[in-house]
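These notes are about the structure you will find just below.
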Amino acid sequence: MAQQTIRKAVFPVAGLGTRFLPATKAMPKEMLTVFDRPIIQHVVDEAKAAGIEHFIFVTGRNKGVIEDHFDRMYELEHTLQARNKNKIFQMLMKDLPGPGQTSFTRQQAPLGLGHAVWCAREIVGNEPFALLLPDMLHHSKVPCLSEMIDAYDTYGGNLIAVAPVPEDQTHHYGIVGVDDEKAKVSRILRMIEKPTSGMAPSNLHITGRYILQPEIFALLAKHESGAGNEIQLTDSMIALMDKERQPFYAVRFKGQIYDCGSQVGFLAANVVYALDRSDLAKDIRIKLRSLID
Ligand code: G1P
């Protein structure tokens, strides 16, 4: 089935990062580094690898440095070139989205993920789009969003990446019920945001990667509050599925997920991304062992 190409990705980056204070007092949590790259750069890399052409950041107060990060820095570039640091210069240039490929809009009040996504409606326009939650680093050979775009080319509709979590963790996430829990791609039958005990339809949680149809915006525009008294994206996805009869598919992610909104997840991500560096992995392993023994 020929589908409309997914060209745009939304990155909600307005959150306060209170769990990482004081590190996040004057610096956005998305700029904390996982090994040698800011968290947001890892997620933009994933989107770029999946063929995304336009990167839409929903920011907030004190997030200006994210915009600077994705811009040229002539003085720095000049200095690197003057000092023959060509490798570093090339790397910086490679990481950069091209001219006109970024947009920044602000979520003026912290009203929830659904509200943050709605803030991107004018920039997304009337086309399907990807949504990536930067806290959740998806580590795998094939980037998670690439797998989703492949599935989208076959199935169309709306897609959500899912993975199992221990049953006592389901209340932290959006949880889906599907028609075939073993399949790589399955039809979503139910969704619930942060289910209370006994209410989760499965242990498959929403991992923070989505492909959504633009009709989601009209539903988000109702600004109805849900779990935690926030405007929840999951509630509008439920309405899009149940009332508007749009299909939703779960794409089972088989890689590792590191929740960089938690201290333990953040530390684990730093170790794993450091070990990915073939030039450093051996020394890092030795150092880690010596620290633990
Ligand atoms: C959000 C979503 C939730 C999803 C989670 C993944 O929750 O609402 O469905 O499972 O991200 O991190 P939040 O982390 O904003 O509470």
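First listed ligand is number 1; within each ligand, the first listed atom is number 1.
- Both the backbone and the side chain of I206 come within 4.0 Å of ligand 1, counting heavy atoms alone.
- A donor and an acceptor atom, one from each side chain of D259 and H172, are nowhere located under 3.5 Å apart.
- Closest approach of V34 to H42, counting heavy atoms only: O-NE2, 3.0 Å.
- Remark: distances from the non-hydrogen atoms of D135 to ligand 1 are all 4.0 Å or more.
- Judged by distance alone, the side chains of E215 and Q246 do bring a donor and an acceptor atom under 3.5 Å apart.
- The neighbour count for E77 CD, taken as heavy atoms of other residues, nucleotides or ligands under 6.0 Å away, is above 12.
- Within the 4.0 Å cut-off (strictly below), no protein heavy atom is located near atom 15 (O) of ligand 1.
- Aromatic rings of F266 and F20 (six-membered ring for Trp) have centroids within the 6.0 Å cut-off, being under it.
- Contact annotation: for H172 versus ligand 1, there are no heavy atoms closer than 4.0 Å.
- Using a 4.0 Å heavy-atom cutoff, T234 is listed among the residues neighbouring ligand 1.
- F11 and F70 have their aromatic ring centers separated by at least 6.0 angstrom.
- For atom 7 (O) of ligand 1, the nearest non-hydrogen atom from the set K194, E230, H205 comes from K194.
- Protein heavy atom at the shortest distance from atom 11 (O) of ligand 1 is L133 CD1, 3.3 Å.
- Which of E193, M136, R209 comes nearest to atom 3 (C) of ligand 1 through a heavy atom is settled by distance: it is E193.
- Under a 4.0 Å criterion applied to the non-hydrogen atoms of Q232, ligand 1 contributes the atoms 8 (O).
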Using residues 232-242 as the side-chain source, report each donor-acceptor pair under 3.5 Å to any protein atom, sequence neighbours left out, with the distance given to one decimal.
| unit_1 | atom_1 | unit_2 | atom_2 | d |
| --- | --- | --- | --- | --- |
| Q232 | NE2 | A227 | O | 2.8 |
| T234 | OG1 | E193 | OE1 | 2.5 |

